[in-house]
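Everything below concerns the one structure shown next.
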Amino acid sequence: MALARVEGLTYAYPGGEQPALSDVSLELRAGEAVALLGPSGSGKSTLLRALAALVPHFHGGRFAGRVEVAGLDTRLVRPAELAGIVATVFQDPEDQVVMTRVANEAAFGLENLGVPAADIRPRAEEALAAVGALHLAGRKTMELSGGELQRVCLSAALALRPQLLLLDEPTSQLDPDGAEEFLRRVEELGTTVVLSEHRTARALELCSRVLFLEEGRLLLDAPREEALEWLSAYRRAYLPDAELDLPEPVANGGTALRLEGVRYAYEPGLAVLDGLDLGARRGELLVLEGPNGSGKTTVAKLAAGLLQPDRGTVTRRGRAAYLSQDPGRYLVCERALDEAALAAGGDHERAQAALALVGRAWAAERHPRDLSSGERERLGLAAVAVAEPDLLVLDEPTRGIDPERKADLARWLLTYAAGGRAVLVATHDRGFPAHRRIALGQELTVAA
């Protein structure tokens, strides 16, 4: 008997002209691990929300078809009634955390389910230990990095001992080693897992079955080996060994940014950076690497002028612009076109051109909140690039975007740099192209 069954599911968000999902049917069996792939905006997150009954109860909209989980019709039961059966870890852990301390966050769901008080702390600690986060139990959630928060959210989900675990880009804020450890722990669970993931190599290795969504339709539902053949024939960018067909970067020279002897501490005596020297030339795409907590975001903010060093100097020649890890948090307009026009003094013609450059001209009249995470990332890029800064600083720009869009972004940034500007990218993505790759404290091998 299937643990979950989706039959003819068609769903549109409130005000949405096109359905996010169209006639989707599938079954999930107990104990299987399923990779859910597809472009940004293809309906992956919507399908996960439907399995958790968040669609339609939380989001509203137009719902047709049927979704059953553990024999329960999601049209008749609300998300809270599935809490002991289904658990979800979302892409943005900051939006999921509700408690101020890690231990309390891991225990929160158990308390809501009415688990006996004597069992709550042991189960919460067991779940924290399972994801390598027990040492964080006494920490404040607001002090954690994005990667640490993702581990805590997974522990809160595991503490419920769900029959169905839904993971929506759970490694988006983890460095490669952290992502590997995270997914290794998921692999050991033995519960039914649906993993939506743009880091396809590990997802395809972990899962025995692959679903591929595009424009709300299920194009593929197949065992892994069959799916690999299909991807090779029709969607090569999703294969682990896919190579990006990128133009050769050509540096034009001339310094756009220099950090010399830079020290920065968020708290006295706890320096994040100390004695950092770094330079970026015009015409260059420079990638900054390092594990979670190594200071990449701090360097990016110093480069853009959002922070001032405690010691040392930061020299910029020309204007700088900064795109944060989660630009969706800073969108303020009702239309994507107006958002892209802000840095251009309201010039809609320039804004439309910027949207076209990042492949989002079609979204000009859309509300930014109606866009997927990856689409909001592209909107954020258009909103900062429209001003044509001499130094463009991007913090984790590949977060939440699919492999094909990542290749498009890389091409665009290389073209932007070739125009005589500098681009600094802080990223966990070791495959992202660059003239130079720098880890904090040492310069790595140059890679195109």
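For clarity, every value in this text was computed on a predicted model and none was experimentally measured.
Ion pair Asp395/Lys296 not flagged as a salt bridge, since none of the NZ, NE, NH1 or NH2 atoms sits closer than 4.0 Å to an Asp/Glu carboxylate oxygen. A salt bridge between Asp390 and Arg316 is absent, with no side-chain N of the basic residue lying under 4.0 Å from a carboxylate O of the acidic one. A salt bridge does not link Arg139 with Glu105: none of the charged nitrogens is closer than 4.0 Å to a carboxylate oxygen. Lys44 and Asp168 are not joined by a salt bridge, as no carboxylate oxygen comes within less than 4.0 angstrom of a charged side-chain nitrogen. With respect to Glu68 and Arg66, a salt bridge is recorded, a charged nitrogen being found less than 4.0 Å from a carboxylate O. A salt bridge links Glu180 with Arg202: at least one charged nitrogen is closer than 4.0 Å to a carboxylate oxygen.
If you take CG on Leu219 and CD on Glu214, they are separated by 5.0 Å, rounding to the nearest 0.5 Å. Between the CD atom of Glu7 and the OG atom of Ser25 there is a distance of 6.5 Å, given to the nearest 0.5 Å. In this structure, CZ in Phe63 is found 5.0 Å from CG in Leu9, a value given to the nearest 0.5 Å. The line from CG of Leu82 to CG of Leu164 is 9.5 Å long, rounded to the nearest 0.5 Å. The OG1 atom of Thr141 sits 9.0 Å away from atom CG of Asn104, with the distance rounded to the nearest 0.5 Å. A distance of 10.5 Å separates NE2 in His367 from CG in Asp338, rounded to the nearest 0.5 Å.
A donor-acceptor distance shorter than 3.5 angstrom exists from the side chain of Arg378 to the backbone of Val358, with no hydrogens or angles considered. Formation of a donor-acceptor pair under 3.5 Å by the Arg282 side chain with backbone atoms of Gly420 is found in this model. Proximity of a side-chain donor or acceptor of His57 to a complementary backbone N or O of Val77 within less than 3.5 Å is detected. A distance-only check finds a donor-acceptor pair linking the side chain of Thr427 to the backbone of Asp429 [under 3.5 Å]. A donor-acceptor distance shorter than 3.5 angstrom exists from the side chain of Glu81 to the backbone of Arg78, with no hydrogens or angles considered. Here the side chain of His198 pairs no donor or acceptor atom with the backbone of Leu37 at under 3.5 angstrom. A distance-only check finds a donor-acceptor pair linking the side chain of Arg376 to the backbone of Leu371 [under 3.5 Å]. A donor-acceptor pair is defined here as one N or O able to donate and one able to accept, closer than 3.5 Å; no such pair exists between the side chain of Ser208 and the backbone of Arg224. A donor-acceptor pair under 3.5 Å is absent between the side-chain atoms of Arg405 and the main chain of Thr398, judged by distance alone. Put simply, the side chain of Gln96 gets close to the backbone of Thr88: a donor and an acceptor are under 3.5 Å apart.
Proximity of Leu257 to Val314: side-chain heavy atoms (C-beta onward) are separated by under 4.5 Å at one or more points. You'll find the side chain of Leu337 reaches within 4.5 Å of the side chain of Gln352, heavy atoms only. Put simply, the side chain of Leu278 reaches to within 4.5 Å of the side chain of Leu288, judged on heavy atoms. You'll find the side chain of Val67 reaches within 4.5 Å of the side chain of Leu51, heavy atoms only. Using a 4.5 Å cut-off on side-chain heavy atoms (C-beta onward), Tyr322 and Val384 make no contact. At least one side-chain heavy atom of Leu183 sits less than 4.5 Å from a side-chain heavy atom of Leu195. Side-chain contact check for Leu231 versus Thr200: every heavy-atom pair is 4.5 Å or farther apart. Counting heavy atoms from C-beta outward, Leu211 and Leu218 have side chains that approach closer than 4.5 Å.
A 6.0 Å sphere centred on CD of Glu215 holds no more than 12 heavy atoms belonging to other residues, nucleotides or ligands. Within a 6.0 Å radius of CZ in Arg317, no more than 12 heavy atoms belonging to other residues, nucleotides or ligands are found.
Judged by distance alone, the side chains of Arg236 and Ser232 do bring a donor and an acceptor atom under 3.5 Å apart. A donor and an acceptor atom, one from each side chain of His435 and Glu284, are nowhere located under 3.5 Å apart. Counting only N and O atoms by type, the side chains of Ser22 and Tyr11 include no donor and acceptor under 3.5 Å apart. A side-chain donor-acceptor contact under 3.5 Å links Gln325 and Thr297. In summary, the side chains of Asp23 and Thr10 do not present any donor paired with an acceptor at a separation below 3.5 Å, with no hydrogens or angles considered. Thr192 and Gln163 share no side-chain donor-acceptor pair at under 3.5 Å.
Checked against a 6.0 Å centroid threshold, the rings of Phe212 and Tyr234 do not count as neighbours.
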Show, in sequence, the C-alpha distance, side-chain angles and deciding distance for Arg101 and Lys140, and conclude whether the side-chain contact (heavy atoms from CB on, under 4.5 Å) test is met. CA-CA 4 Å; Arg101 290 204 174 270; Lys140 292 182 179 179; 3.7 Å; yes

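Of the options Val262, Val272, Leu307, Leu276, a side chain to side chain contact (heavy atoms under 4.5 Å, CB included) to Val299 is made by Leu276 and by none of the others.
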